[in-house]
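Remarks on the structure that follows.
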There are 2 protein chains.
Amino acid sequence: MHSLEPELNPYLQGCPTRRILDLIGDRWTVLIVGALADETRRFSELLRSVDGISQKMLTQTLRAMERDGLLTRTAYLQVPVRVDYRLTEAGQSLRAPLKVLEDWSIEHFADIRRSRTEYDSLGA
Amino acid sequence: MHSLEPELNPYLQGCPTRRILDLIGDRWTVLIVGALADETRRFSELLRSVDGISQKMLTQTLRAMERDGLLTRTAYLQVPVRVDYRLTEAGQSLRAPLKVLEDWSIEHFADIRRSRTEYDSLGA
DNA sequence: CTGAATCCACTTCGATACTG
DNA sequence: CAGTATCGAAGTGGATTCAG
């Protein structure tokens, strides 16, 4: 076990760990990790896989993930251009935690929907 | 194992499961779950515990969590007013998944920071 | 003490048009 | 095909003020 800096506390403003939470909290990042789970995919494939994402957001999110070392980008200089994206080991390691959250979502989805309905009907 | 509606697919636009991801992705929700982990807390205690949150956001987030059935709100009619918040079972059940993510963050924090630094220095 | 309500600066994101 | 650039609409969130 390696020691951690005691300053790493997400409850403190400005702590860098909050940036990590932002990363995980991003909807598109989560979906792209899933879309790239096992296989390398092209830009256009991702655009189709992740329904509703705009070209702009896909590019933007892929850049951020590349910057964070979650995936690699490989461009082939040919015509037409071809660019492949694949998860790094770090990116792969994110799948398990996300899976746990996904399972939780599925398990509690009905409960939450019911709770919201009740809450809203009472407040109406 | 109970069967699930096949329509529940976060990769499709408009799927309600995306709302669940939003819930989890919210920074303040995550921190509040942590702050309420074991104990009931008052509004003002939460305001102090979660550094950097504004009164507005605390109220807003608490309302959303109450609506989602993650916590209960108990108001005591006295002067001055006292309001307690505590996690429901559903709220408690969220702790484990979030802990997994927290562990991941801690484990990969240094890697991500390094990756960002390299990426930025190359792009400069 | 625990909010609700308002104002406003800032960010986000989709749509569109253009490029190598 | 895989972007980049730009614009405007919409949402977010902080600060402040008022209220039960």
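Every heavy atom of this structure was used, including side-chain atoms; hydrogens, water molecules and symmetry mates were not. Below, chains carry the letters A, B, ... as their sequence lines are ordered, and counting in each starts from 1.
In the model, A/Gln60 has no side-chain atom that pairs as donor or acceptor with a side-chain atom of A/Arg63 under 3.5 Å. Looking only at atom types and distance, the side chain of A/Ser115 has no donor-acceptor partner in the side chain of B/Arg67 under 3.5 Å away.
You'll find that the side chain of A/Pro80 is closest to D/dC1, out of C/dG3, C/dT2, D/dC1.
A salt bridge links B/Asp84 to B/Arg82: at least one charged side-chain nitrogen sits closer than 4.0 Å to a carboxylate oxygen. B/Asp120 and B/Arg116 are not joined by a salt bridge, as no carboxylate oxygen comes within less than 4.0 angstrom of a charged side-chain nitrogen.
One atom, CZ of A/Arg42, and another, C1' of D/dC1, lie 7 Å apart when rounded to the nearest Å.
Between A/Tyr85 and D/dC1 there is no side-chain N or O to OP1 or OP2 distance below 4.0 Å.
Along DNA chain C, the nucleotide nearest B/Arg48 and the nucleotide nearest B/Thr59 are compared for position; the residue whose nucleotide lies closer to the 5' end is B/Arg48.
At the heavy-atom level, B/Val83 lies under 4.0 Å from the strands shown only through sugar-phosphate atoms.
Listed by residue number, the members of residues 65-79 of chain B with any heavy atom below 4.0 angstrom from DNA chain D form an empty set.
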What pairs of nitrogen or oxygen atoms, one from the protein and one from nucleotides 13-17 of chain D, lie under 3.5 Å apart?
residue : atom : partner : partner atom : Å
D/dG13  : N7   : B/Lys56 : NZ           : 3.2
D/dG14  : OP2  : B/Ser54 : OG           : 2.8
D/dG14  : O6   : B/Lys56 : NZ           : 2.4

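A distance-only check finds a donor-acceptor pair linking the side chain of A/Thr88 to the backbone of A/Leu70 [under 3.5 Å].
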